[in-house]
Structures are given as C-alpha cells and as structure tokens.
Amino acid sequence: MLKIRKGDTVFVIAGKDKGKTGKVIRVFLKQSRALVEGINRVKKAMRRTSQDQKGGIIELELPIHISNLEVFCKTCGKPARVGIKMQENLAVAKKAKSKVRFCKRCKEVV
C-alpha cells in the first residue's frame with residue numbers, strides 16, 4: 001500500500017521544485033511515481049498531428065518519484081510522514097478491520 005494516493009495534497013522535498021505543493025492527479029504503482037499538478041513541468045517540442053491541433057513548444061507535467069514527495073497534513077498545516085494502522089469498522093456487524101493512513105506528527109487520520 002502506497003502512502004500517497006490520488007487527490008492528496010503533497011509537498012515536494014527534493015528536486016528542482018523543492019518547497020512547492022500540489023495535488024496528485026495520478027499515481028503510477030509499478031514505477032513508484034506520481035503525477036502532481038504544477039510540479040515537474042517541462043517544455044517539449046510537439047509536431048502537429050492533425051489539422052485542428054497546434055504544433056510548437058508546449059509545457060507539460062511529468063511524473064515525479066514518490067520518495068521526493070511528502071503528504072501535506074491539513075490539521076498540522078505542515079508536511080508530515082504518514083503511517084498506516086488498523087482501525088475497527090463499527091458499521092459492520094462482524095469485527096472487520098480496515099487500513100487507514102494517519103499523520104505521524106499529530107496522529108490524525110489523513
């Protein structure tokens with residue numbers, strides 16, 4: 001189970017965008033990378049492939065390695081490490097447990 005998921009607000013701790021925050025758009029499990037909104041933007045020359053599409057230099061976001069990201073905790077207001085713990089689900093009649101992520105700084109569920 002990865003500690004970063006789609007929709008999380010993350011803080012960049014290493015790389016050219018160090019110190020910036022953004023929202024995770026997509027997570028690539030096999031490569032351990034995440035596509036983050038506004039982070040790791042590059043310029044690329046693109047050829048026009050159809051009549052309606054424009055060619056030229058475009059800016060796009062590339063995936064960044066998960067080790068360079070840290071989840072931004074809303075209760076702390078700071079980037080924090082994330083842990084995983086088992087939590088009992090009281091809604092189900094049986095004693096079912098589910099995994100939840102929590103902030104290691106303030107111990108609140110993320």
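Inter-residue side-chain proximity for Glu61 and Ile39 is flagged as unmet; no heavy-atom pair is nearer than 4.5 Å. Between Lys99 and Met86, the closest side-chain pair of non-hydrogen atoms falls below 4.5 Å. At a threshold of 4.5 Å between non-hydrogen side-chain atoms, the residues Leu62 and Lys44 do not count as touching. Side-chain contact between Glu70 and Arg81 is present, with heavy atoms from C-beta onward closer than 4.5 Å.
Cluster membership for Ile58 and Val42, using ILVMFWY side-chain heavy atoms within less than 4.5 angstrom, is shared. Cluster membership for Ile64 and Ile25, using ILVMFWY side-chain heavy atoms within less than 4.5 angstrom, is not shared. Hydrophobic clustering (side-chain heavy atoms under 4.5 Å, transitive across Ile, Leu, Val, Met, Phe, Trp, Tyr) groups Leu2 together with Val24. Cluster annotation: Val10 is not connected to Phe72 through the hydrophobic network of ILVMFWY side chains, with a link wherever side-chain heavy atoms come within less than 4.5 Å.
Residue-environment remark: CD1 (Ile57) stays at or below the threshold of 12 foreign heavy atoms within 6.0 Å. For Lys78, the NZ atom sits in a loose shell: 12 or fewer heavy atoms of surrounding residues, nucleotides or ligands are nearer than 6.0 Å.
The two residues Val71 and Lys3 make their nearest non-hydrogen contact at CG2-O, 3.7 Å. Of all the heavy atoms in Leu69 and Ala34, the pair that sits closest is CD1-CB, 3.9 Å. In plain terms, the two heavy atoms of Asn68 and Ala14 that are nearest each other are OD1-CB, 3.6 Å. Minimum interatomic distance between Val110 and Cys103 (heavy atoms only, all atoms of both residues): CG2-N, 3.7 Å.
Arg101 contributes atom CZ, which lies 4.5 Å from atom CZ of Arg5 (distance to the nearest 0.5 angstrom). Here the CZ-CG distance, from Arg41 to Asp17, works out to 10.0 Å after rounding to the nearest 0.5 Å. The CZ atom of Phe28 sits 10.0 Å away from the CZ atom of Arg33 when rounded to the nearest 0.5 Å.
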Would Asn40 and Lys16 satisfy side chain to side chain contact (heavy atoms under 4.5 Å, CB included), going step by step from the backbone distance to the final call? CA-CA 8 Å; Asn40 201 17; Lys16 67 177 186 180; 3.6 Å; yes

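A salt bridge does not link Glu37 to Lys23: none of the charged side-chain nitrogens sits closer than 4.0 Å to a carboxylate oxygen.
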